[in-house]
Protein chains: 2
Amino acid sequence: MKLSTKGRYGVAAMYDLALHYGEGPISLKSVAIRQEISEHYLEQLMGTLRKSGYVKSVRGAQGGYALTKEPSQISVGDIIKVMEGPIAPVDCLLTDDTANAYCQRAGDCVTRGVWVKVRDSINGVLDSISLADLCEEEKK
Amino acid sequence: MKLSTKGRYGVAAMYDLALHYGEGPISLKSVAIRQEISEHYLEQLMGTLRKSGYVKSVRGAQGGYALTKEPSQISVGDIIKVMEGPIAPVDCLLTDDTANAYCQRAGDCVTRGVWVKVRDSINGVLDSISLADLCEEEKK
DNA sequence: AATAAAACCTATCGCATTACTCGGATAAGC
DNA sequence: GCTTATCCGAGTAATGCGATAGGTTTTATT
C-alpha cells in the first residue's frame, strides 16, 4: 500500500505552487530545488498536471507554471488521482460493475466489501484536504 | 495505492480457514482450489502466516492448516500487516520519529500530515473488520 | 538580432519488486 | 512402504518505477 513518487512529488509541487499563488509563473527549476525533486522528472509530472487542467504554463524566459484555480478549489485527492490513477486497493474495483473482467464472483465476493471500504476511506481523507488547507498548516 | 496479491490472497486464505474453523486441519490444496490461488505460491504465504502465529499446521497425510485463534480475534488488518508490512503510504512514516532517515524536514513537513491521516484511516478500516465479520457477511 | 531561460517532447535504461514456478526434503497417516 | 501432505530455498519472467539523456520550441531580455 505505497504511494509512488508521482503522487508524492505531484502533491509537493502543487503545494509549492499554492504557496506562490498569485505571483505569476513559477519556474519548474525553483520548485524542483525547493522540493528536492529531479528537475527532468518533475517536468514529466507537470506535463500530466497541465494536461489535466490543474496548472497552466508560460513558455520562454521568465516562464513557469501556475495553478489554474484557487488553492481551496484543488484537493490532494484531485492530484493523486491524476498522478496515480483512481484509488483502487485491488483491480476488481476498477469497474463499478459488480460483474467484471477481474473477478467472476465479484457479485458475491465477501472480501470485495473490505476493499470498497478501504477505498472509500482513503478517498474521504484525500478529498477533504485542499491545497489551501496545507498552506494554512504551514503558517503555524 | 495497490494491495499486492500477498495481502489479497492472505485474506482470502484466512477467510477460507475461518469458514472451516473447528473442522480440523484444512489442506492447502483445497484452499488453493476454492480461492483460485496457485498452490505453490499459497504455500509461501501460509509459511508467513504460520511464522506470525495466526495459523498452525499439521504435517503428513490428512494434514493442513487451521487458525490458532477464533475468527473474531483475527482482523483483516492483522493479516495485511503480516503479509505486506506496516501500512505506510510513504516511507517517511516507517519510523514514528518525526526526525528520521527518510526525510530531513519530517518535523515541519506539511504533506506528511496528509499521509498520516491516510494511514490512520486505512488502519481504522482494516482493524475494525474481523474474519468472523466476513463469515457473517457470507451467510446473507 | 543574439542570447539565455524556460517549457516541451520522446526515448531509453537500470533496478527492484512481484508473482510466480521448480525441485526437492521431511513428516505422518494408512 | 506408499501416499498425502507440509516445508524449504532457489530461480525467473514480466512489470513498473524513477529517473536520465538529448534534443526542439518559445519568449523575455540585452
Side-chain angles (χ1 to χ4, degrees), chain A residues 1-13 16-17 20 23-52 54-68 80 83-85 88-91 102, chain B residues 1-13 16-17 20 23-33 35-68 80 83-85 88-91 102:
Chain A
M1 291 295 280
K2 283 276 184 298
L3 213 65
S4 76
T5 58
K6 284 181 194 166
R8 210 167 75 234
Y9 290 173
V11 171
D16 194 284
L17 292 183
H20 298 90
E23 300 177 12
I26 306 298
S27 78
L28 184 141
K29 187 174 186 175
S30 69
V31 173
I33 290 172
R34 276 190 300 269
Q35 302 299 324
E36 298 176 22
I37 303 171
S38 149
E39 196 180 333
H40 256 81
Y41 187 42
L42 181 57
E43 209 170 76
Q44 296 171 34
L45 307 185
M46 293 308 288
T48 304
L49 288 165
R50 180 175 48 82
K51 284 166 197 159
S52 303
Y54 291 114
V55 301
K56 57 193 168 192
S57 62
V58 178
R59 299 186 67 167
Q62 310 310 311
Y65 294 90
L67 300 184
T68 55
I80 297 287
M83 300 311 295
E84 312 225 357
V90 299
D91 282 340
Y102 296 100
Chain B
M1 291 293 279
K2 284 277 184 297
L3 212 66
S4 75
T5 57
K6 284 181 195 168
R8 212 169 73 235
Y9 290 173
V11 171
D16 194 284
L17 292 183
H20 297 91
E23 300 177 13
I26 307 296
S27 79
L28 184 142
K29 188 174 188 177
S30 70
V31 174
I33 290 172
Q35 303 300 323
E36 298 176 24
I37 304 170
S38 147
E39 195 179 332
H40 259 82
Y41 187 43
L42 182 57
E43 208 170 77
Q44 294 170 35
L45 307 185
M46 292 308 289
T48 304
L49 289 165
R50 182 176 47 82
K51 284 167 196 158
S52 303
Y54 290 114
V55 299
K56 58 193 167 191
S57 63
V58 177
R59 300 187 67 170
Q62 311 309 313
Y65 293 90
L67 301 183
T68 54
I80 298 285
M83 301 310 296
E84 312 225 356
V90 300
D91 283 341
Y102 296 99

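Chain A is the first sequence line, chain B the second, and so forth, proteins listed ahead of strands; every chain is numbered from 1.
- For the pair A:Thr48/A:Gln44, no side-chain contact is recorded, criterion being any heavy-atom separation below 4.5 Å from C-beta on.
- Residues from residues 24-31 of chain B with heavy atoms under 4.0 angstrom of DNA chain D, sorted by number: B:Ser27, B:Leu28.
- Contact annotation: B:Ser4 reaches the phosphate of C:dA19 (side-chain N/O to OP1 or OP2, under 4.0 Å).
- In this structure A:Arg50 satisfies the side chain to side chain contact (heavy atoms under 4.5 Å, CB included) test together with A:Val55, A:Ser57, sequence neighbours excluded.
- In the 5' to 3' direction, nucleotides of DNA chain D lying under 4.0 Å from heavy atoms of chain A begin and end at D:dC17 to D:dA28.
- The phosphate of C:dC20 (OP1 or OP2) has a side-chain N or O of B:Tyr9 nearer than 4.0 angstrom.
- A pairwise comparison of heavy atoms in B:Pro25 and B:Gly63 identifies CB-C, 3.8 Å as the closest pair.
- Shortest non-hydrogen contact noted between B:Met46 and B:Ala13 is SD-CB, 4.2 Å.
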Between the protein and nucleotides 25-30 of chain C, which nitrogen or oxygen pairs come in under 3.5 angstrom?
residue: C:dT26; atom: O2; partner: B:Arg59; partner atom: NH2; Å: 2.7

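- What you find for B:Glu84 and B:Lys6 is that their closest heavy atoms are OE2-C, 4.3 Å.
- Contact annotation: the side chain of B:Tyr65 never approaches that of B:Leu49 to less than 4.5 Å [non-hydrogen atoms, C-beta and beyond].
- Between B:Glu43 and B:Leu28 the shortest heavy-atom distance is CA-CD1, 3.5 Å.
- In this structure B:Thr68 satisfies the side chain to side chain contact (heavy atoms under 4.5 Å, CB included) test together with B:Lys56, sequence neighbours excluded.
- In this view, B:Ser30 and B:Ser27, B:Arg34 satisfy the side-chain hydrogen bond (donor to acceptor under 3.5 Å, both in side chains) rule, not counting sequence neighbours.
- For the OP1/OP2 pair of C:dA19 and a distance below 4.0 Å, the side-chain nitrogens and oxygens of B:Thr5 include at least one atom meeting the criterion.
- Scanning for side chain to side chain contact (heavy atoms under 4.5 Å, CB included) contacts around B:Gln62 gives an empty result, with sequence neighbours left out.
- Rounded to whole angstrom, the span from the NZ atom of A:Lys2 across to the C1' atom of C:dT18 amounts to 14 Å.
- Nearest heavy-atom pair, B:Ala66 versus B:Gly24, reported as atom, atom and distance to 0.1 Å: CB-O, 4.4 Å.
- The separation between A:Arg50 atom CZ and C:dC8 atom P is 4 Å, rounded to whole Å.
- Less than 4.0 Å separates DNA chain D from at least one heavy atom of each of the following residues of residues 39-49 of chain A: A:His40, A:Tyr41, A:Gln44.
- Under the side-chain hydrogen bond (donor to acceptor under 3.5 Å, both in side chains) criterion, A:Ser38 pairs with no residue, sequence neighbours left out.
- Shown here are the side chain to side chain contact (heavy atoms under 4.5 Å, CB included) partners of B:Val90, two or more places apart in sequence or in another chain: A:Leu3, A:Arg8, B:Cys92, B:Leu93, B:Trp115.
- Residue B:Ser38 places no side-chain N or O under 4.0 Å from the OP1 or OP2 atom of C:dA19.
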